[in-house]
2 protein chains.
Amino acid sequence: MLSQTVEYALRAVVALAEPDTAWTAHALAAKTQVPASYLSKVLQSLAKADLVLAQRGRNGGFILAKPTSAITVLEVVNAVEPIERIQTCPLGLAAHGVRLCSLHRKLDDAYAMVERAFATTTIASILAEPNPARPLCAQQEKGGSLNVLHAH
Amino acid sequence: MLSQTVEYALRAVVALAEPDTAWTAHALAAKTQVPASYLSKVLQSLAKADLVLAQRGRNGGFILAKPTSAITVLEVVNAVEPIERIQTCPLGLAAHGVRLCSLHRKLDDAYAMVERAFATTTIASILAEPNPARPLCAQQEKGGSLNVLHAH
DNA sequence: ATAAAACTGGATATTCAGATCCAGATATGC
DNA sequence: GCATATCTGGATCTGAATATCCAGTTTTAT
């Protein structure tokens, strides 16, 4: 339901949570499995939204502009492709302009619900979840709970 | 967030709720403000999903296959473009196959939330809402509550 | 200084949802 | 039966999202 671009942006931000050093677009692309040339565009959007900082030149790359606890999923979504809320009647009916009809009200309520969920979810909270499968990591958490794949 | 096609399908079903007679694709297109030739395709999808019945020939057209109280928003969505739930790790990481990582879990939870909302909303319930702006109708409800547009 | 590393931004290519078109099939009224 | 109305389904067109490419700019290491 969300666009591919949003998925890419979220992967990039999650990958950047490892704050060892600046990640080059190329290295990030490998880690996130996103086409490198396209990821560059996505990173530019994230930079414009002040979610990541770009550093050119040797040893350059991208880092998060804020701690993961200060970045919500919604911010990332909005940086690349904001959820299009229904503001006015899609049919252009004047009478519906101020107050949406019940059909579009219902749809927009669903969008609002998603926005709210994303607005209250930080990247930090996602990374803090006790889930054996860590985002972007092929390996199970080291020393973590048992591997459900091999437990039979 | 939902596709244009879903919006069109919902408009068509709501329009068909007026059960006077069979609506031709052409008449429906006018009422719903959907490109006629494209609406035909959408109606075909709805027919394949057994939500509407098609009748060819003179005096033919489309009618709902079930009462509006038996048609949910989700059924209409699924007929034309099901919400793509995240079943397996989008990165193809084997370790995430059975259990999504926390990132994709979060996203899929949002999708599930929308699905649930749509599954519990029938077309009848939408039409029953006490909303002065009726779906697809340019006019305010006759004899209804005061017109907010002219109340100043 | 210079070369190499890395982002930037514009131009272009590809893909797919959205939209159109039309010949064929089917039903009805006369 | 025949003409007309209407859906059906395949072929095609269009435009926006996705993806690629590359020349230009900035930065750093040496």
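Every chain is numbered from 1, with letters handed out A, B, ... down the list of sequences. For the numbers below, each heavy atom of this structure counts, side chains included, while hydrogens, waters and symmetry mates do not.
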Next item on the list: Could you give me the CA-CA distance, side-chain angles and deciding distance for B:Val76 and B:Leu51, then say whether side-chain contact (heavy atoms from CB on, under 4.5 Å) is met?
Entry: CA-CA 8 Å; B:Val76 177; B:Leu51 292 178; 4.2 Å; yes
What's [X] touching, base or sugar-phosphate or nothing? Going by heavy atoms closer than 4.0 Å.
X       : result
A:Ala25 : sugar-phosphate
B:Ala36 : nothing
B:Ser3  : sugar-phosphate

To the side chain of [X], which of [options] is closest?
X       : options                : answer
B:Thr5  : D:dT8, D:dT18, C:dG18  : C:dG18
A:Thr24 : C:dC7, D:dA19, D:dC7   : C:dC7
B:Arg56 : C:dA25, D:dT28, C:dA19 : C:dA25
B:Phe62 : C:dC7, D:dC7, D:dT27   : D:dC7
A:Gln55 : D:dT8, C:dC7, D:dT27   : D:dT27
A:Pro35 : D:dA19, D:dT4, C:dC21  : D:dA19

Measure the distance from [atom1] on [X] to [atom2] on [N] and round it to the nearest whole Å.
X       : N      : atom1 : atom2 : value
B:Arg11 : C:dG18 : CZ    : P     : 13 Å
B:Leu53 : C:dA27 : CG    : P     : 14 Å
B:Ile63 : D:dC7  : CD1   : C1'   : 14 Å
A:Leu39 : C:dT8  : CG    : P     : 12 Å
B:Leu46 : D:dT8  : CG    : P     : 11 Å
A:Arg58 : D:dA29 : CZ    : C1'   : 5 Å
B:Gln4  : C:dT20 : CD    : P     : 12 Å
A:Trp23 : C:dC7  : CH2   : C1'   : 17 Å

Closer than 4.0 Å, any side-chain N/O of [X] to the OP1 or OP2 of [N]?
X       : N      : result
A:Tyr8  : D:dA19 : yes
B:Gln44 : D:dG9  : yes
A:Tyr38 : D:dT20 : no
B:Asn59 : C:dG29 : yes

Check: Can A:Thr5 and A:Tyr38 be counted as having a side-chain donor-acceptor contact under 3.5 angstrom?
Finding: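 Result is yes, a qualifying pair exists.
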Item checked: Distance-only donor-acceptor test, A:Lys41 side-chain atoms vs C:dG9 base atoms, 3.5 Å ->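 Checked by distance alone, the answer is yes.
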Check: A:Gly60 or B:Ser37: which one's nearest nucleotide on DNA chain C is closer to the 5' end?
Finding: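 On the 5' side of the pair lies A:Gly60.
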Check: Considering heavy-atom distances to DNA chain C, does A:Gly57 or A:Lys48 have its closest nucleotide positioned more toward the 5' end?
Finding: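 Result of the comparison: A:Gly57.
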Notebook entry, point to check: Does any non-hydrogen side-chain atom of B:Trp23 lie less than 4.5 Å from one of B:Lys31?
Noted result: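 SC-SC contact between B:Lys31 and B:Trp23 confirmed.
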Check: A:Ser102 side chain to B:Ile126 main-chain N or O, any donor-acceptor pair under 3.5 Å?
Finding: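 Flag set: sc A:Ser102 to bb B:Ile126 pair under 3.5 Å.
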Notebook entry, point to check: Taking NZ, NE, NH1 and NH2 as the nitrogens, is one of them in B:Glu129 or A:Arg105 under 4.0 Å from a carboxylate oxygen of the other?
Noted result: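 No, this pair does not count.
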Notebook entry, point to check: For the residue pair B:Ala65 and B:Asp50, what are the closest heavy atoms and their distance?
Noted result: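 What the structure gives for the nearest pair is CB-O, 3.4 Å.
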